[in-house]
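What follows is one structure encoded as structure tokens, with my remarks underneath.
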Amino acid sequence: MKQPFFVALDFRTAQEAQDFITQHQLEGVPVKVGMELFYREGRTMIDWLRAHGHPIFLDLKLHDIPTTVEKAMFNLADLGVDIVNVHAAGGTKMIQAAKRGLAAGAKTKIPKLIAVTVLTSMDQFTLENELYVKQPLEEAVKRLALLTKESEADGVVCSAHEVPIIKETCGEDFLTVTPGIRLLDSSKDDQQRVATPQLAKQLGADYLVIGRSITQAANPKENYQRVTEEWNNG
Ligand code: C5P
């Protein structure tokens with residue numbers, strides 16, 4: 001993959017996403033397609049991105065009963081994307097079902113399967129007071145990462161700050177994909193557990209996901225280059 005970071009194409013329509021890519025000369029860069037764009041544009045958007053050479057992380061965060069997730073993954077598997085994901089909180093049976101669905105539905109390569117541990121927009125207070133998870137957030141992340149590993153998925157989505165503990169628990173080859181990435185002068189927006197590209201690299205992240213620090217920047221191409229430089233010099 002060209003650069004190990006996915007630009008989050010959080011746009012309302014295919015036209016907006018395509019205009020963004022072409023106006024800022026980001027043809028062929030790895031991209032992440034999430035619910036907002038996929039629910040409107042679906043396969044057509046993915047086909048367009050593939051035809052234009054973009055590696056794709058399809059971020060739909062499936063979380064349902066195992067049978068439903070298996071069948072949904074079967075249907076997603078032939079899109080030809082590189083990575084798909086589920087919520088680890090769905091449990092071992094659900095993660096294994098997702099894997100089965102992908103293997104059965106893939107026409108060529110089987111997409112990598114990763115699981116969201118605890119969303120990077122979540123903090124300790126919310127975890128304790130809304131979800132009644134009483135352990136420290138880091139423990140919850142570690143537990144969900146181990147469950148993902150035991151379910152034989154390829155890795156997790158987590159905050160950069162949790163990468164060292166996850167690598168220590170699940171091994172160096174277990175993938176860590178980290179959203180919540182911000183350049184020093186970018187706003188945190190609704191994210192809580194953020195890190196700069198340089199820090200994420202130093203902490204051992206395999207892939208970064210970067211949305212608004214690039215897509216909402218005054219000069220997206222310049223910020224893309226800053227992320228590249230931070231990563232290369234990190
Ligand atoms: O704009 P920003 O860089 O915060 O975008 C982060 C992207 O990563 C969003 O598309 C969001 O849905 C996604 N994401 C996340 N936290 C996760 C999993 C995915 O922020 N745990």
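Whatever order the structure lists them in is the order used to number ligands and atoms, beginning at 1. These numbers come from a predicted model, not from an experiment. Numbering starts at 1 and runs along the sequence shown. What you see below is based on every heavy atom in this structure, not just the backbone, and it leaves out hydrogens, waters and symmetry mates.
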For ligand 1, which is the ligand I care about here, please tell me if D190 has any N or O atom under 3.5 Å from one of the ligand's N or O atoms.
no

Taking N or O atoms only and a 3.5 Å limit, does I210 qualify as a polar contact for ligand 1?
no

Shortest protein contact, [atom] (heavy atom only):
atom                    : result
atom 9 (C) of ligand 1  : D10 OD2, 3.4 Å
atom 17 (C) of ligand 1 : P179 CG, 3.5 Å
atom 6 (C) of ligand 1  : Q191 NE2, 3.7 Å
atom 19 (C) of ligand 1 : K61 NZ, 3.3 Å
atom 3 (O) of ligand 1  : G211 N, 2.8 Å

Give the atoms of ligand 1, by number and element, whose distance to some non-hydrogen atom of [X] is under 4.0 Å.
X    : value
V157 : 17 (C), 18 (C), 21 (N)
D59  : 12 (O), 13 (C), 19 (C)
V209 : 7 (C), 8 (O)
V116 : 21 (N)

We want to know whether D123 and T126 form a side-chain donor-acceptor pair, criterion being a heavy-atom distance below 3.5 angstrom.
yes

Sidechain-backbone polar pair: [X] side chain, [Y] backbone, donor-acceptor under 3.5 Å:
X    : Y    : result
S151 : A153 : no
K201 : W231 : yes
K32  : D59  : no
H54  : V29  : yes

Is L119 touching ligand 1 with its side chain, its backbone, both, or neither, if touching means heavy atoms under 4.0 Å apart?
both

Between T120 and ligand 1, find which residue part has any heavy-atom pair under 4.0 Å and reply side chain, backbone, both or neither.
both

For residues F6 and Y207, establish whether the separation of their ring centroids is below 6.0 Å.
yes

Other residues, nucleotides, ligands: >12 heavy atoms within 6.0 Å of D173 CG
no

Out of curiosity, is Q216 lining ligand 1, as in a heavy atom under 4.0 Å away?
no

Determine whether any heavy atom of D189 lies closer than 4.0 Å to an atom of ligand 1.
no

Who's closest to atom 8 (O) of ligand 1 heavy-atom-wise, of R212, K32, R193?
K32

Only residue of K142, K167, R193 satisfying salt bridge (Lys or Arg N to Asp or Glu O under 4.0 Å) with E162 is R193

My understanding is that only one of V86, V84, N85, V157 makes a side chain to side chain contact (heavy atoms under 4.5 Å, CB included) with K61; could you say which?
N85

Check whether any side-chain heavy atom of Q191 lies under 4.5 Å from a side-chain heavy atom of R212, and answer yes or no.
yes

